[in-house]
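Read through the structure below, which is laid out as structure tokens, and then see the notes.
Computed from a predicted model, the values in this text were never measured in an experiment.
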Amino acid sequence: MVASLPKVAPRKHKIHNFVRDSQNHLSRWHIACIYAPMRRFALFIFLCSCGISFLPAMTEAGGSQKSSSRFYYNDPTGRRVSAPIVRHYWPARIVHPLAKVDPKIDSKLRRAASIAQERACAHSKARCWRYVKEALVAAGAVKSYPKTAYAAEAGGELVRSYGFRRLPIHNPYSAPVGAVLVYGNKRRGHVEIRTRDGFVSDYRSRNACFYPLVAVYAKFS
């Protein structure tokens with residue numbers, strides 16, 4: 001038997017495939033040549049639109065150079081307000097001026113301030129008027145324990161029952177040592193005694209209470 005030889009594809013078929021591949025390659029090249037300018041044009045349109053969108057921000061930034069020292073914002077009522085921009089840092093702490101000693105004020109109030117400092121806690125226990133009352137009684141500044149329960153009522157009772165007077169002071173840091181400060185609003189109140197370097201009630205603080213100041217009271221000797 002004679003083994004059959006493997007069939008060999010005709011050479012014409014290979015040439016035909018080469019021609020077809022060449023045609024496909026040329027068609028893809030033509031398509032690329034057609035779409036390339038379109039892609040560049042689309043990219044140009046996109047970049048132009050981005051530039052136009054940034055123009056208002058650039059204009060606003062340029063116009064705000066005159067007020068670069070202030071920051072503008074809307075408050076809760078919708079009003080346009082501003083605040084100064086702090087661009088420097090000072091490592092030193094902000095220290096409020098020390099309270100002065102008024103020789104006309106009863107020295108027992110200064111003693112009450114010292115007693116309150118000895119008994120005060122590091123943080124508030126919501127018993128400010130109670131601690132102030134106990135310090136005033138311990139120092140002998142008042143003859144009996146005040147009966148009012150709320151801090152907002154402290155000033156009226158001190159004036160009415162214990163001979164205190166309202167001082168013409170509207171800044172808590174200007175109050176003399178031993179003065180009793182009453183704060184409050186429609187919902188809350190607070191009482192504290194002015195010390196040499198801060199304030200004391202049921203806790204010690206170098207800063208005054210953030211409630212609105214109602215009045216400052218003291219008793220003269």
* To do: Could you check Tyr203 against His123 for ring pair (Phe, Tyr, Trp, His ring centres under 6.0 Å), going step by step and ending with a plain yes or no?
  => CA-CA 5 Å; Tyr203 69 99; His123 303 283; 8.4 Å; no
* Report the C-alpha distance between Val81 and Asn74 in whole Å, list the side-chain angles of each, state the deciding distance to 0.1 Å, and finish with yes or no for side-chain contact (heavy atoms from CB on, under 4.5 Å). => CA-CA 6 Å; Val81 294; Asn74 294 331; over 6 Å; no
* **Chi angles and distances behind the side-chain contact (heavy atoms from CB on, under 4.5 Å) call for Lys100, Val177** => CA-CA 6 Å; Lys100 297 180 180 179; Val177 178; over 6 Å; no
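Within 6.0 Å of CZ on Phe220 lie more than 12 heavy atoms contributed by other residues, nucleotides or ligands. Around atom CZ of Arg119, more than 12 heavy atoms belonging to other residues, nucleotides or ligands sit under 6.0 Å away. Heavy-atom neighbours of Arg196 CZ from other residues, nucleotides or ligands within 6.0 Å: above the threshold of 12.
Note on ring orientation: taking the six-membered ring where Trp is involved, the planes of His190 and Tyr183 are tilted (angle from 30° to 60°).
Transitive grouping of hydrophobic side chains (ILVMFWY, heavy atoms separated by less than 4.5 Å) brings Leu181 and Leu109 into a common cluster. Note on Ile115: it does not cluster hydrophobically with Val132, by side-chain heavy-atom contacts below 4.5 Å among ILVMFWY residues.
Under the 3.5 Å distance criterion, the side-chain polar atoms of Lys219 are matched with a main-chain donor or acceptor of Ala141. A donor-acceptor pair under 3.5 Å is formed between the side chain of Ser114 and the backbone N or O of Arg110. Under the 3.5 Å distance criterion, the side-chain polar atoms of Asp202 are matched with a main-chain donor or acceptor of Ala126. Remark: side-chain polar atoms of Glu192 are not paired, donor with acceptor, to backbone N or O of Val200 under 3.5 angstrom. With Trp129 contributing its side chain and Gly189 its backbone, the two residues share no donor-acceptor pair below 3.5 Å. Judged purely by atom type and a 3.5 angstrom limit, Asp75 uses its side chain to pair as donor or acceptor with the backbone of Gly78.
Ring centers of Phe199 and Tyr173: under 6.0 Å apart, within the cut-off.
No side-chain donor from either of Asn207 and Ser205 sits under 3.5 Å from a side-chain acceptor of the other.
Among pairs with a residue in residues 127-154, those fulfilling salt bridge (Lys or Arg N to Asp or Glu O under 4.0 Å) read Arg130-Glu134, at least two apart in sequence or across chains.
Distance check: Arg111 CZ to Asp106 CG gives 13.0 Å after rounding to the nearest 0.5 Å.
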